[in-house]
Each structure stands twice: as C-alpha cells, then as structure tokens.
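We count ligands from 1, going down the list as the structure has it; atoms in each ligand are counted the same way.
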Amino acid sequence: MQDLLFSGVKPTGMPHLGNYIGALRQWVTLQHEYECYFCIVDLHAITVPQDPKNMRQGTLDIAAAYLAVGLDPKRCNIFIQSEVPEHTELGWIMGTIAKMGEMERMTQFKDKSKKGGRERSGLGLFAYPALMAADILLYDTTIVPVGDDQTQHVELTRLLGKRFNDHFGPTFTIPELLIQKHGARIMSLAHPEQKMSKSDESKNGVIMLDDDADTIRHKIMRAVTDSDSGITYHEEKKPAVANLMTIYHHMTGETLEQIEKRFTGKGYGDFKKSLAEVVVEHLAPITKKIKHYREHPQDLMNVLDHGRDAARHVAREKMKLVRDRMGLGRN
Ligand code: ATP
Ligand code: LTN
C-alpha cells in the first residue's frame with residue numbers, strides 16, 4: 001500500500017508566501033511519492049468569526065491556489081472538509097478521547113484567544129485540535145507536511161490515535177510530522193517577531209499569492225530590517241534579515257551561503273530590490289493561474305466533486321470501524 005499524505009489550509013483568505021513556502025510548495029514535490037488528500041478546512045476556519053460570503057469565495061480561492069501552485073488533481077484528492085461529514089463525527093469522538101489539560105496546553109489556542117480573552121473565545125476554537133486529529137486519522141495518514149506552528153497539533157493527533165488504539169483496539173495509523181529545516185515559519189515582513197499570517201491585520205507584512213508585481217515590490221521595499229547592516233544569516237541576532245534570506249533561498253534555490261556571498265559589501269536596499277524581483281518572477285505564473293480559476297470557477301467544481309467522493313469513500317469505511325470498536329449504534 002502506498003503511504004498516505006494529508007494536509008490542509010483554512011479558507012480564511014488568499015494563501016500567502018508563508019503558506020506557500022512552509023506547506024504548499026512541499027506538497028507539490030511530495031504528490032509524486034504519496035497518495036495525497038489536500039483538504040480545505042472550512043470547519044476549522046469558522047472557529048473564529050467568518051463572513052459567509054467571504055467563506056464561500058475563500059474556499060474557492062484555496063482550491064484555485066492549490067491548483068495554481070501545481071497540485072495535480074489527477075494525482076491528489078482536493079476536497080472541502082464540510083462536504084465529508086465524517087470529519088465532524090470523528091472530531092466529536094476525538095474530543096471525548098482528549099483531556100482538558102492537553103487541550104489547554106495548545107499554544108495556538110492561547111495565541112488566538114488572547115485578543116478577545118479566554119472567556120469570550122469559542123468552544124470550537126478550544127476543540128480545534130480534536131477536529132484536526134480527526135482529519136488526519138480518518139485516512140490512515142502516514143505523513144503530515146505542515147509549517148512549524150502545527151507541530152503541537154500533529155503531536156496531539158499521534159497521542160490521541162495511540163490512546164484510541166490502546167483502548168479500543170488497532171484502528172488508526174499513527175502519522176509522522178514533516179517539517180522543513182528552513183522556511184517552516186516565515187515571519188511577517190512588517191513584524192518579524194510574528195509569523196506571516198492570513199489573518200494578520202497589517203497587510204504590508206504579508207505577501208499574498210495573488211498580489212500584483214507592484215504590491216510585492218512595495219511590501220518588500222518597506223520590510224523591516226535589523227539594526228546592523230550586512231546580509232548575513234543569523235536567526236537570533238538578525239531575525240528580520242534571516243527571514244528575508246530564507247525567502248530568497250526558497251524563490252531561487254540558492255543556498256544561504258551563496259546568498260551571503262552574492263551580497264557581500266552590499267546594503268539592504270540592493271538586497272531588497274533583488275529579493276522583490278525574484279519573488280515577483282517566482283509568483284507571476286502562480287498569480288496568473290489563480291486569476292484564471294477565479295474567472296473560471298467551474299474548472300474547480302469537477303476537481304472538488306471528485307475529491308469529495310474519494311474522501312467520503314475512505315472516511316465512511318473508517319467511521320464504520322470506529323463506531324463498531326466503540327460500540328456505537330446497532331451494528
Ligand atoms: P490564519 O491567519 O487564518 O490562522 P494561517 O496563515 O496561519 O491562517 P493556515 O491555513 O493556518 O494559515 O496554514 C496552512 C499551512 O501553512 C499550515 O501547514 C501552516 O503550518 C502553514 N503556515 C502558516 N503560516 C506559515 C508561515 N508563516 N510560515 C510557514 N508556514 C506557515
Ligand atoms: N490547523 C491547520 C490546518 C489543518 C490541518 C489539518 C493541517 C486542519 N486540519 C490536518 C494538516 C492536517 C493549520 O494550518 N492551521
């Protein structure tokens with residue numbers, strides 16, 4: 001049996017360069033080695049308030065971005081989470097397997113509940129990792145490629161899968177996490193101490209995959225740098241420049257050493273100008289394809305129908321086994 005890859009993006013806006021470098025780009029390579037399920041996790045997106053119109057458009061935008069970066073629907077199953085109800089069912093069950101203490105340790109919940117305060121945060125935001133565990137475990141996933149903000153959630157998934165298997169008998173495959181060495185956490189250009197994020201209020205720090213060339217240039221030229229000069233890679237001492245160099249590395253394939261050498265004796269201005277051009281060049285074909293799918297949403301429908309049917313087939317079988325193992329219903 002071929003190993004299986006599962007991953008997802010929330011339809012909370014157009015994916016950005018961080019999503020691309022940290023997740024999507026790796027998927028394009030990995031699709032040749034694994035059976036793949038790429039989910040648009042709308043049920044995760046609604047754990048913070050969403051406008052229904054934006055959600056609908058955002059969902060199609062993620063599908064468009066998946067195809068535009070090079071995911072091949074003949075090789076992978078691309079589908080919308082809410083169209084496969086077994087995710088919700090297993091999500092509930094995972095909530096009965098997880099402990100409050102474990103969920104309370106999740107840093108994403110702590111971060112996302114900071115703004116409105118814990119008391120006013122949704123229960124769904126708290127239960128988020130249980131649903132994510134369900135997403136992954138439903139498909140006998142062996143590998144989960146994500147950015148490093150998701151490490152804790154995948155580790156919890158492994159724990160819940162093992163706990164279920166120990167209690168109820170072998171049911172789930174325990175997945176491995178896949179994180180890349182450089183680029184697993186691309187930082188905001190405007191606030192290099194925060195990760196680049198779709199929901200970032202400061203849009204100048206985030207390069208969206210559908211930004212036009214001038215917008216990309218503008219954002220990069222305004223990017224925050226470090227107090228001392230010089231294009232050298234040092235994550236702790238020069239975090240802002242290290243972030244820009246990591247982006248350069250991913251756009252060109254040049255190593256960090258080669259980049260340092262290329263810009264020896266040059267200033268931030270020259271480096272940023274060059275960075276802007278390599279980002280513009282790299283993203284141009286992707287942006288063009290996203291635009292095409294936005295104008296031809298019907299091209300996405302077949303892909304999403306096919307993905308939904310394939311996912312439902314697997315998820316339905318797994319849920320039958322889960323209900324049986326737990327003694328649910330009349331089987
Ligand atoms: P939101 O702002 O709505 O929380 P997000 O920008 O964090 O969204 P997600 O949909 O949560 O994006 O993430 C999709 C994938 O991209 C995940 O694998 C996540 O780990 C990865 N990712 C998100 N942000 C970054 C980043 N700044 N650098 C690298 N990878 C990232
Ligand atoms: N929580 C993830 C999105 C996500 C996911 C998944 C990723 C939901 N379910 C399953 C991998 C596997 C995030 O990016 N914030």
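Of all the atoms in ligand 2, the ones that sit under 4.0 Å from a non-hydrogen atom of Ile136 are 10 (C), 12 (C). When each atom of ligand 2 is checked for a heavy atom of Val144 under 4.0 Å away, the hits are 11 (C), 12 (C). Below 4.0 Å from some heavy atom of Ala23 lie the following atoms of ligand 1, by number and element: 15 (C), 16 (O), 18 (O). Each of the following atoms of ligand 2 lies closer than 4.0 Å to a heavy atom of Val146: 7 (C), 11 (C). Listed by number with element, the atoms of ligand 1 under 4.0 angstrom from any heavy atom of Lys112 are 1 (P), 4 (O).
Inclusion of Ser197 in the set of residues having an N or O under 3.5 Å from an N or O of ligand 1 is warranted. Remark: ligand 1 and Gly183 share no N or O pair separated by less than 3.5 Å (distance only, no angle test). The distance criterion of under 3.5 Å between nitrogen or oxygen atoms is not met by Gly8 with respect to ligand 1. Residue-to-ligand polar distances keep Gln150 apart from ligand 1: every N/O pair is separated by 3.5 Å or more.
Few gaps surround NZ on Lys110; more than 12 heavy atoms of other groups in view lie less than 6.0 Å from it.
For the pair Gln180 and Gly22, the tightest heavy-atom approach, listed with the atom from each and the gap, is NE2-CA, 3.7 Å.
Distance from atom 7 (C) of ligand 2 to its nearest protein heavy atom, with residue and atom name: Gly8 N, 3.6 Å. Nearest protein neighbour of atom 9 (N) of ligand 2, counting heavy atoms only, is Asp135 OD2, 2.6 Å. The protein heavy atom nearest to atom 1 (N) of ligand 2 is Tyr128 OH, 2.5 Å.
Of the candidates Val146, Asp149, Val206, it is Asp149 that places a heavy atom closest to atom 20 (O) of ligand 1. With atom 16 (O) of ligand 1 as the reference point, the heavy atom nearest to it among Leu17, Asn19, Val154 is part of Asn19.
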